[in-house]
Student: 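Sharing a structure with you now.
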Amino acid sequence: MPTNAEAADQLREIADLLDVTGERFKPEAYRRAARSVESLTEPLAAVAGRGGLREIPGVGEAIAEKLTEFLATGRIPYLDRLHAEIPSGLLALMRLPGLGPKTARRFWLELGIEGPAELGDAIAAGRLVGVAGFGPKKIEQIRGALAAAPTARTGHRFPIEEVYPIARSIVDALVAGAPTERVELAGSFRRCRETVGDLDVLVTSDAAERVFDVFSALPEVHEIRMRGPTKETVVMRNGLQVDLRVVEPAAFGAALQYFTGSKDHNVRLRTIARDAGLKINEYGVFRGEERVAGATEADVYERMGVPWIPPELREDGHEIDAARAGTLPDPVAARDLVGDLHLHLPPLADGATIARIGADAHRRGIADLGVVVDGPPDADGPAAAPDELRRFLRDDRSTRWHLAAEATPDTVRSPVADVEYLILRPGRAPAAPSVVPDRPVPVRLVAHVGPDPIAARPWIDLARSIDAAIEVGPGPERLDSTGARAALAVGGTLSVPTGVGLPERDPLGPVALGFARRAGATAARVTNARPWPNGRPAARPHR
DNA sequence: GCCGTTTTCGGCCCGACTGTTTTCAGTCG
């Protein structure tokens, strides 16, 4: 059975081929459907099985039919026909930076060039010289793109946890070293998408040139791709593209809204503006020539008659209708988190380490910390905390510490005696948990499940059935926002790692929180936003 | 090809930047 990602790839392939044919709106329609298919929380076949394809945003009669064919046969005849008409090498040309569908089409129809190799030969033979629209710089640019092609990662998206420290360091550098008033990150990073294609940075400044100078001198910057009066684009050492824009203060909110997206969210907002006789763009909300909002994002939404929407929820546009109807969830916020169920400590952690983590928790208003004491790497089953470590935990006055142990369904029957609760994780068997463990101590958390919402499904269901939370966050061992949404949909509860005790730029806490928010989790659905069960009443830490 | 809280037809964003240009086309986001 094909995966959702494979189905989305097929739709994108159709979109790219239609681009070459010069179609105006169909390519975007296919791409929108592809985005929707990709973010489904259940297999496409299951959606199709209950007749739900047409409910997928962007999927209408024609695309639903193609998806049905794909599920049944693994092929889409329409795509096969397109492939038969259009040389596939043209797609490779189109994907080279600086080349698009128009140019690829011209190469094909005017010069008979059907792929990168032929284009290289044509340039070497001087066949592009004198062709209208191809001056020396353009030819050189194409030659460079062809040379870089084998290593180019166009369209590559970076995991947000990889981008997070880079993004923070850019902001810190611009705040500290450049003549800026406001500095904000926008784009899919601000929406806390799981992956980020490029990073958008917005600043206000009356000295754009100096801001660009500071920015492009950062050690992580690999090359400057372009620089104009208001915008500079660079590529970082790891290949991440970063766009820096300087905007005037009166337009800052509009620009932040516009560049945060998503695309579909903005399309919906523009429709609302048009219907209200307004115009919205990155410079503001306009009635005729007059700008009626733009300085803050709140003004922009208010002027549109739409409640402000948290960035993490700005996706397919339906959130706007939900917000207007008052049914948009109020997502969990950092201030809601009063505990953390899942820290790890080495068995030889000392008093200074405990005190440092406790102080960080105290500063952030986190009163209860559940810790797992890690045993030797090959130990079978949960480790016990050494007496000295237990003394440190008991003596720390800033935080209430709780001992937990990780267990698999195989080992859950033999937990150590001194733990307060268990953290269940998949065992060696890759398949679904076959037993609901008996519980000498309660299982409060299911963790290390992984981001694939389909593989995670049995664990989501298990967590729900034993009234345990399931952990959300970045990386290969946690649910992402799609998985978290699936968990919430079946009535489950999330646990959101806080990153307490970790370095300042560590992505775990902020990204985990962002994923929970994207999933639409309210504080009521987050276990560590609630008082610790059976917790002793204690003085609340100050914030 | 999709969509609709004025629409089942007629829209679907548009500005910055680059390279090529005598005023604009293509790409990108």
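What you see is a predicted model; the values in this text were computed from it and never measured. Convention: sequence-line order gives letters A, B, ...; per-chain numbering from 1.
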Student: Taking the basic N atoms (NZ, or NE/NH1/NH2) and the acidic carboxylate oxygens, is any pair closer than 4.0 Å for A:Glu140 and A:Arg143?
Tutor: yes

Student: Base, sugar-phosphate, or nothing for A:Glu61, non-hydrogen atoms under 4.0 angstrom?
Tutor: sugar-phosphate

Student: Please determine whether a side-chain nitrogen of the Lys or Arg among A:Arg227 and A:Glu232 lies less than 4.0 Å from a carboxylate oxygen of the Asp or Glu.
Tutor: yes

Student: Starting from P on B:dC14, measure out to CZ on A:Arg24 and report it in whole angstrom.
Tutor: 11 Å

Student: To the nearest angstrom, how far is A:Lys102 atom NZ from B:dC28 atom P?
Tutor: 12 Å

Student: Within a strict 4.5 Å, meaning less than it, do heavy atoms of the A:Leu240 and A:Val163 side chains meet?
Tutor: yes

Student: Syn or anti for B:dT7, with syn set at within 90° of 0?
Tutor: syn

Student: So what does A:Phe259 touch, heavy atoms closer than 4.0 Å: a base, only the sugar-phosphate, or nothing?
Tutor: nothing

Student: With rounding to the closest Å, how many angstrom separate the P atoms on B:dC28 and B:dT22?
Tutor: 23 Å

Student: Counting any heavy atom closer than 4.0 Å, what does A:Leu18 reach on the DNA or RNA strands: base, sugar-phosphate only, or nothing?
Tutor: nothing

Student: Pick the C1' atom in B:dT8 and in B:dC14, then give their distance to the nearest Å.
Tutor: 28 Å

Student: Taking the P atom in each of B:dC12 and B:dC17, what is the distance between them to the nearest angstrom?
Tutor: 25 Å

Student: Given atom CG of A:Leu278 and atom P of B:dC13, what is their separation to the nearest angstrom?
Tutor: 17 Å

Student: Return the value, rounded to whole Å, for the distance between atom CZ of A:Arg32 and atom C1' of B:dG29.
Tutor: 18 Å

Student: Within the 3.5 Å criterion, strictly below it, is a donor on A:Ser481 or A:Glu194 matched to an acceptor on the partner's side chain?
Tutor: yes

Student: What distance, rounded to whole Å, do you find between the two C1' atoms, one in B:dG15 and one in B:dC9?
Tutor: 29 Å

Student: With heavy-atom distances below 4.5 Å as the criterion, would you say the side chains of A:Pro249 and A:Arg182 are in contact?
Tutor: no

Student: Find which nucleotide of DNA chain B each of A:Asp321 and A:Gln241 is nearest to by heavy atoms, and output the residue with the more 5' nucleotide.
Tutor: A:Asp321

Student: In whole angstrom, give me the gap between the P atoms of B:dC13 and B:dT20.
Tutor: 29 Å

Student: Hey, mind stepping through A:Asp16 and A:Arg31 against salt bridge (charged side-chain N to carboxylate O under 4.0 Å, His left out) and telling me if it holds?
Tutor: CA-CA 9 Å; A:Asp16 288 351; A:Arg31 289 194 183 99; 2.8 Å; yes

Student: Regarding A:Asp330 and A:Thr522, is there a side-chain donor-to-acceptor distance under 3.5 Å anywhere?
Tutor: no

Student: Compare every heavy atom of A:Asn281 with every heavy atom of A:Ala254, then report the nearest pair and how far apart it is.
Tutor: CB-O, 3.8 Å

Student: When rounded to the nearest Å, what value does the distance between C1' atoms of B:dG29 and B:dT23 take?
Tutor: 25 Å

Student: Kindly give the atom pairs (protein nitrogen or oxygen, nucleotide nitrogen or oxygen) under 3.5 Å for nucleotides 6-12 of chain B.
Tutor:
none

Student: Rounded to whole Å, please give me the gap between CZ in A:Arg324 and P in B:dT5.
Tutor: 9 Å

Student: Taking NZ, NE, NH1 and NH2 as the nitrogens, is one of them in A:Asp19 or A:Arg12 under 4.0 Å from a carboxylate oxygen of the other?
Tutor: no

Student: State the pairing partner of B:dC28; accept Watson-Crick or G-U wobble contacts with both distances under 3.5 Å, and report none otherwise.
Tutor: B:dG15

Student: Rounded to the nearest angstrom, tell me the gap between atom CG in A:Leu269 and atom P in B:dC14.
Tutor: 14 Å

Student: Which parts of nucleotides 15-23 of chain B does protein reach within less than 4.0 Å, heavy atoms only, written one letter per nucleotide 5' to 3' as B for base, S for sugar-phosphate only and - for none?
Tutor: SSSSSS---

Student: Could you tell me whether A:Arg190 and A:Asp200 make a salt bridge, using a distance below 4.0 angstrom between a side-chain N and a carboxylate O?
Tutor: no

Student: When you check the side-chain N and O atoms of A:Glu220 and A:Asn238, is any donor under 3.5 Å from an acceptor?
Tutor: no

Student: Give the residues of residues 105-129 of chain A touching DNA chain B, defined as any heavy atom closer than 4.0 Å, sorted by residue number.
Tutor: none

Student: Phosphate oxygens OP1/OP2 of B:dC28: is one of them under 4.0 Å from a side-chain N or O of A:Thr233?
Tutor: no

Student: Send over the distance from A:Leu96 CG to B:dC28 P, rounded to a whole Å.
Tutor: 10 Å

Student: Of A:Lys263, A:Arg191, A:His265, A:Arg35, which meets side chain to side chain donor-acceptor pair (under 3.5 Å) against A:Glu315?
Tutor: A:Arg191

Student: Taking B:dT5 as the reference, what is the distance to B:dG1 when you measure between their P atoms (whole Å, please)?
Tutor: 23 Å

Student: Please report, rounded to the nearest Å, how far the C1' atom of B:dC2 is from the CG atom of A:Asp264.
Tutor: 11 Å

Student: Can you spot which of A:Asp264, A:Asn266, A:Thr260 makes a side-chain contact (heavy atoms from CB on, under 4.5 Å) with A:Ser262?
Tutor: A:Asp264

Student: When we call it a touch if two heavy atoms are under 4.0 Å apart, what does A:Glu140 touch: a base, just sugar-phosphate, or nothing?
Tutor: nothing

Student: Any base atoms under 4.0 Å from A:Pro27, or only sugar-phosphate, or nothing? Heavy atoms, all strands.
Tutor: nothing

Student: Under a plain distance cut-off of 3.5 Å, with no hydrogens placed, do A:Arg193 and A:Ser188 share a side-chain donor-acceptor pair?
Tutor: no

Student: Assign each of A:Lys26 and A:Met94 to its nearest nucleotide of DNA chain B by heavy atoms, then name whichever residue's nucleotide is nearer the 5' end.
Tutor: A:Lys26

Student: Rounded to whole angstrom, note down the C1' distance from B:dG11 over to B:dT6.
Tutor: 15 Å

